[in-house]
Peer 1: 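Please find one structure pasted underneath; my questions will follow.
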Amino acid sequence: MHGESPHIVFLHFACGYASFPYLPRIFGHPFLYFISSESRGLGMRWSEYLLPTLKETPADAEVVSHQLMMRAGMIRKVAAGIYNYMPFGLRSIRKVETIVREELDRAGAIEVLMPMANPAELWQESGRWEKYGKELLRFKDRKDADFCMGPTHEEVVTDIVRNTVRSYRQLPLNLYQIQTKFRDEIRPRFGLMRGREFIMKDAYSFDLDDAGADASYTKMYQAYRRIFARCGLKFRAVEADSGAIGGSFSHEFMVLAESGEDGIVSCDSCEYAANVEKAEIRMGDVVTPAAAEELRKVETPARKTIEDVALFLETSPQRLVKTLIVETDTDETVAVLLRGDRELNEIKLAHRLGCTWITLAPEEKVLKVTGAPSGFAGPVGLKVRILADLEVQGMADFITGANEKDTHFAGVNLGRDFTVDTFADLRQAVNGDPCPRCGGKLESWRGIEVGHVFKLGTKYSESMGATVLDDQGKDRTLVMGCYGIGIGRTVASAIEQNHDENGIIFPLPIAPFHVVVTMVNPNDDSVRDAAEKLYADLQAAGVETLLDDRDERPGSKFKDADLIGIPLRVTVGARGLKEGNLELQERQSGERTLLPVGEAATLLVEQVRAALAAR
RNA sequence: CGGGGCGUAGCGCAGCCUGGUAGCGCACCUGCCUUGGGAGCAGGGGGUCGGAGGUUCGAAUCCUCUCGCCCCGACCA
């Protein structure tokens, strides 16, 4: 793990100063540089750094952030879902961590560090040793005692609190850590986006009662908003499915990006935003239109999908009702009806059925239930329980499968031809649906979940006996909240959101360096001197600077600079120098400005300060 | 878990079908040359062809097993 090793004074040419213990505000010696006690140096020479950029995209990297993090030398894979954080990538990770620490400290949370190796006993106490499944990586120590790698730390933190907190007067308490976690994902992918080993900030709040827990929750919610805003990210805090707890006490923080794994919706006229898993759809009173057509069979040879059937019968998917055969974890098989162009929201259905998960029935089951191969299921004559989306209630004369190979029914009508056991809101919300709060329009986005705040209640405090005495001297079970931020994923999502065809475009607050100084020709003394001077001046002013002093052709250096995405690039070349200028190019806009040599450092410092203060 | 695909130099790939002394581009090293958008020339180093077993006179190539990695996944709605 990172964190405790004392870091490390780096000296090239001047090894005698290796015990230099702190970071001086200003120094004049251009050959002396170091990594501070925070393991971040202000300056680095590319020629002496480890920044292995790749011209080509590694074959196994699917999403941009993964590709670019590999190409920019930020990460290297060690095993499936397990990565080295290379120096350049680590700097960005540390930036996010620093912002997280500052904001959590400000919100009154207290940092701790819990072990990666968790004894089985704690997990048995909470019952999760049995429940957690294969994602929990278990192992034995030399004495054959059971352990697991912590995928999250409710058990451990609850243990801390029950052992150390006795009185309501010690509350509220909010403990957080930044730790490497391990979840043995079935399919790790997308680089840091979905790894097995990953750096996570997790926090846990403890309060005497519900009201206190709500206050803690709100505080964290606010802190999270600041954190992601300070990271320079476009995000939404959305209502998430909170499972058994209910209410609006679960929010996910979603970085907006096309490639996001989660669908979210937000209202264009009020504050409502939700994960599509949760987003409700409000329908007014639904009136079933009168049937106009007779039920009739139509041949639909080999037309299995909604699109094919609609095309073949020269109608639109909206005129079809699709029938999904679904199995539950409680061993029930039901049929679910949706308008042809709609998608089932499995979470809503599971809630409705009171089960934990549902799954589409396998081919054999479909055959058994409907008597036809999949693709031709319909409600008419079905023996299983039938649920239908509210929208279906407003349909008449529609088309469904006929439970017979290569055959559909047309002119199908509710009541007359079949009956539905339950109508409910079962479909996925889509762009343009009405907002359940204000009736405005919902806009849909893709998002990457980078943070989650959750009111836990007493699940762990109760099973593990975390109680304090209240002012009446009575035992009270603590009310908990838990709050996570994926640190690596935050960096990855920042790249997902901020890149172009040339590479990364880091938001300045989390950029590994603020400025890259590119020497066009390091063999030209005037160029070298001017670049060295700027490099020294910038560091003296606290600007994190990468000096590209490599003896490479300018073209490769520019390409590399674009790739690694440092927000400000200063080109030092003989051409500009003749006029007394350096050239500033902003990565984001591509805008170029001439900087008079004498004022360059000052102007850059101002720009960096402004960017950091803007948030 | 089920299905599919791929493992050949650091990276990206060809060669495999039809067995016969392992190749290309980039990267790397040396020298020359060049220095404002991934230059050029010349020379050079580097591969248990993922692993094990088998077939064969002979296996990167055919067969079996195994490991690793990647992708997809349920009338896709």
Side-chain angles (χ1 to χ4, degrees), chain A residues 52-63 66-67 70-71 73 76-82 133-134 186-191 300 302-310 317-318 320-327 335-346 349 358-367 369-370 372-378 389 400-408 426-428 430 502-503 518-524 527-528 548 550-563 569-578 581-583 585 590 592:
Chain A
T53 56
L54 261 28
K55 229 189 249 188
E56 287 173 287
T57 300
D60 59 358
E62 249 210 303
V63 296
H66 187 195
Q67 293 170 352
M70 292 290 293
R71 289 190 54 207
R76 284 291 125 100
K77 186 165 77 174
V78 182
I82 300 177
K134 287 192 180 167
I186 322 162
R187 265 184 76 188
R189 49 183 161 172
F190 307 150
T300 50
R303 304 311 197 277
K304 295 170 64 120
T305 68
I306 292 287
E307 280 77 25
D308 288 349
V309 172
Q318 285 96 306
L320 273 65
V321 166
K322 71 171 96 176
T323 305
L324 308 176
I325 306 300
V326 166
E327 294 181 320
V336 180
L337 308 184
L338 296 169
R339 201 173 85 180
D341 57 332
R342 301 304 193 186
E343 294 194 15
L344 173 64
N345 183 325
E346 301 191 4
L349 178 61
I358 62 113
T359 171
L360 287 177
E363 180 77 33
E364 317 83 68
K365 188 66 166 265
V366 172
L367 191 65
V369 173
T370 68
S374 61
F376 304 98
D389 182 64
T400 71
N403 299 324
E404 188 182 324
K405 190 172 185 326
D406 295 341
T407 312
H408 279 73
L426 297 174
R427 57 170 260 242
Q428 199 97 277
V430 295
N502 295 314
T518 303
M519 292 184 194
V520 171
N521 181 359
N523 299 318
D524 179 324
V527 168
R528 179 167 276 279
D548 191 351
R550 295 173 301 167
D551 189 10
E552 295 285 339
R553 315 238 343 150
S556 342
K557 294 182 165 189
F558 294 144
K559 286 287 184 192
D560 267 347
D562 287 347
L563 209 213
R569 185 185 93 206
V570 180
T571 306
V572 184
R575 212 167 73 185
L577 238 33
K578 253 182 231 150
N581 287 324
L582 309 179
E583 184 183 299
Q585 178 160 356
R592 299 178 188 202

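Chain A is the first sequence line, chain B the second, and so forth, proteins listed ahead of strands; every chain is numbered from 1. On a predicted model such as this, the values are computed, not experimentally measured, just so you know.
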Peer 1: What is the distance, to the nearest angstrom, from the CZ atom on A/Arg189 to the P atom on B/rC6?
Peer 2: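 About 21 Å, once rounded to whole Å.
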Peer 1: If you find the nucleotide of RNA chain B closest to A/Gly555 and the one closest to A/Glu56, which residue's nucleotide is nearer the 5' end?
Peer 2: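 First, find each residue's nearest nucleotide; the 5'-ward one identifies A/Glu56.
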Peer 1: Watson-Crick or G-U wobble partner for B/rU56, using a 3.5 Å limit on both distances?
Peer 2: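 When the pairing criteria are applied, nothing turns out to pair with B/rU56, so the answer is none.
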Peer 1: What interatomic distance, in whole Å, is found between C1' of B/rG15 and the corresponding atom of B/rC6?
Peer 2: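 After rounding to an integer number of Å, I get 15 Å for this pair.
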Peer 1: Answer with base, sugar-phosphate or nothing: what part of the nucleic acid does A/Gly340 contact at a heavy-atom distance below 4.0 Å?
Peer 2: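 Answer is sugar-phosphate: A/Gly340 comes under 4.0 Å of backbone atoms only.
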Peer 1: Distance criterion of 3.5 Å, no angle test: do you see the side chain of A/Arg553 paired donor-to-acceptor with the base of B/rU34?
Peer 2: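 Indeed there is one.
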Peer 1: What is the distance from NZ of A/Lys557 to P of B/rA39, rounded to the nearest Å?
Peer 2: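 So the two atoms are 12 Å apart, to the nearest Å.
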Peer 1: Starting at the 5' end of RNA chain B, which residue's closest nucleotide do you reach first, A/Leu563 or A/Glu307?
Peer 2: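 Comparing both residues, the 5'-ward one is A/Leu563.
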Peer 1: Locate the shortest heavy-atom distance separating A/Pro188 from A/Gly81; write the atom from each residue and the value.
Peer 2: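 Minimum heavy-atom separation between A/Pro188 and A/Gly81: CB-CA, 3.7 Å.
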Peer 1: Reckon A/Lys55 has a side-chain N or O less than 4.0 Å from the OP1 or OP2 of B/rA27?
Peer 2: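 True: A/Lys55 side-chain N/O within range (under 4.0 Å) of B/rA27 OP1/OP2.
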Peer 1: How many whole angstroms separate atom CD1 of A/Ile82 from atom P of B/rG68?
Peer 2: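 About 12 Å, once rounded to whole Å.
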Peer 1: Suppose we define a pair by two distances each less than 3.5 Å, Watson-Crick or G-U wobble; what does B/rG31 pair with here?
Peer 2: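 Across any shown strand, B/rG31 pairs with B/rC41.
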Peer 1: Quick one: pull up CG in A/Asp341 and CZ in A/Arg427 and give me the separation to the nearest 0.5 Å.
Peer 2: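 It is 8.0 Å, given to the nearest 0.5 Å.
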Peer 1: Given the P atoms of B/rC70 and B/rC11, what is the spacing between them in whole Å?
Peer 2: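 14 Å, rounded to whole Å.
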Peer 1: If you look at every strand shown and take non-hydrogen atoms under 4.0 Å, does A/Val366 touch a base, only sugar-phosphate, or nothing?
Peer 2: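 The answer is nothing, as A/Val366 stays clear of every strand by at least 4.0 Å.
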Peer 1: Rounded to whole angstrom, note down the P distance from B/rG50 over to B/rA22.
Peer 2: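 Their P atoms lie roughly 14 Å apart.
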Peer 1: What's the spacing between A/Asp389 CG and A/Glu343 CD if we round to 0.5 Å?
Peer 2: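 So the gap between those two atoms works out to 12.5 Å.
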Peer 1: Could you give the CD-to-P distance, from A/Glu552 to B/rG38, as a whole number of Å?
Peer 2: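 It works out to 13 Å between those atoms.
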Peer 1: Mind checking the C1' distance from B/rG12 to B/rG47? Whole angstroms is fine.
Peer 2: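 Looking at atom C1' only, B/rG12 and B/rG47 are 16 Å apart.
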Peer 1: Can you name the nearest heavy-atom pair linking A/Asn403 to A/Gly378, along with the distance?
Peer 2: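 Minimum heavy-atom separation between A/Asn403 and A/Gly378: OD1-N, 2.8 Å.
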Peer 1: Give, for atom OG1 of A/Thr53 and atom CE of A/Met70, the distance between the pair rounded to the nearest 0.5 Å.
Peer 2: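 That separation rounds to 12.0 Å.
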Peer 1: Checking base pairs now: Watson-Crick or wobble, both atom distances under 3.5 Å. What partners B/rG7?
Peer 2: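 Its partner is B/rC67.
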Peer 1: Between B/rC32 and B/rG51, how far apart are the P atoms? Round to whole Å, please.
Peer 2: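 The answer is 41 Å between these two P atoms.
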Peer 1: Distance between the C1' atoms of B/rC49 and B/rA9, in whole angstroms?
Peer 2: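 B/rC49 and B/rA9 have their C1' atoms separated by 10 Å.
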Peer 1: Does A/His408 reach the side chain of A/Phe376, with side-chain heavy atoms less than 4.5 Å apart?
Peer 2: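 Counting from C-beta outward, A/His408 and A/Phe376 do come under 4.5 Å.
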Peer 1: Is any N or O donor-acceptor pair between the side chain of A/Asp524 and the base of B/rU35 shorter than 3.5 Å?
Peer 2: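 It does not, because no donor-acceptor pair links the side chain of A/Asp524 to the base of B/rU35 below 3.5 Å.
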Peer 1: So what's B/rG2 paired with, Watson-Crick or G-U wobble, going by both distances under 3.5 Å?
Peer 2: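 The answer is B/rC72, by the H-bond criterion.
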Peer 1: Measure CG/A/Asp548 against C1'/B/rG36 and give the value in whole Å, please.
Peer 2: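 My rounded result for the distance is 13 Å.
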Peer 1: Measure the distance from CD on A/Gln67 to P on B/rG12 and round it to the nearest whole Å.
Peer 2: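 That distance rounds to 12 Å.
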Peer 1: Answer with yes or no whether A/Arg569 presents, from its side chain, a donor or acceptor under 3.5 Å of a partner atom in the base of B/rG37.
Peer 2: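 Yes, a donor-acceptor pair under 3.5 Å.
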Peer 1: What is the distance from atom CZ of A/Arg569 to atom CD of A/Glu583, rounded to the nearest 0.5 Å?
Peer 2: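 CD of A/Glu583 is found 7.0 Å from CZ of A/Arg569.
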Peer 1: Is any side-chain N or O of A/Asp562 under 3.5 Å from a base N or O of B/rG37, one able to act as donor and the other as acceptor?
Peer 2: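 In this structure, the two groups form a donor-acceptor pair.
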Peer 1: In whole Å, I'd like the distance from the NE2 atom of A/His66 to the P atom of B/rC71.
Peer 2: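 Distance, rounded to whole Å: 9 Å.
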Peer 1: With rounding to whole Å, what would you report as the distance between B/rG20 and B/rU61 at their C1' atoms?
Peer 2: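 Going atom to atom, C1' in each nucleotide, I get 11 Å.
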Peer 1: With C1' as the reference atom in both, quote the distance from B/rG45 to B/rG4 in angstrom, rounded to an integer.
Peer 2: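 Here B/rG45 and B/rG4 have their C1' atoms 39 Å from each other.
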Peer 1: Whole Å only: how far is the CZ atom of A/Arg187 from the P atom of B/rG4?
Peer 2: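 It works out to 15 Å between those atoms.
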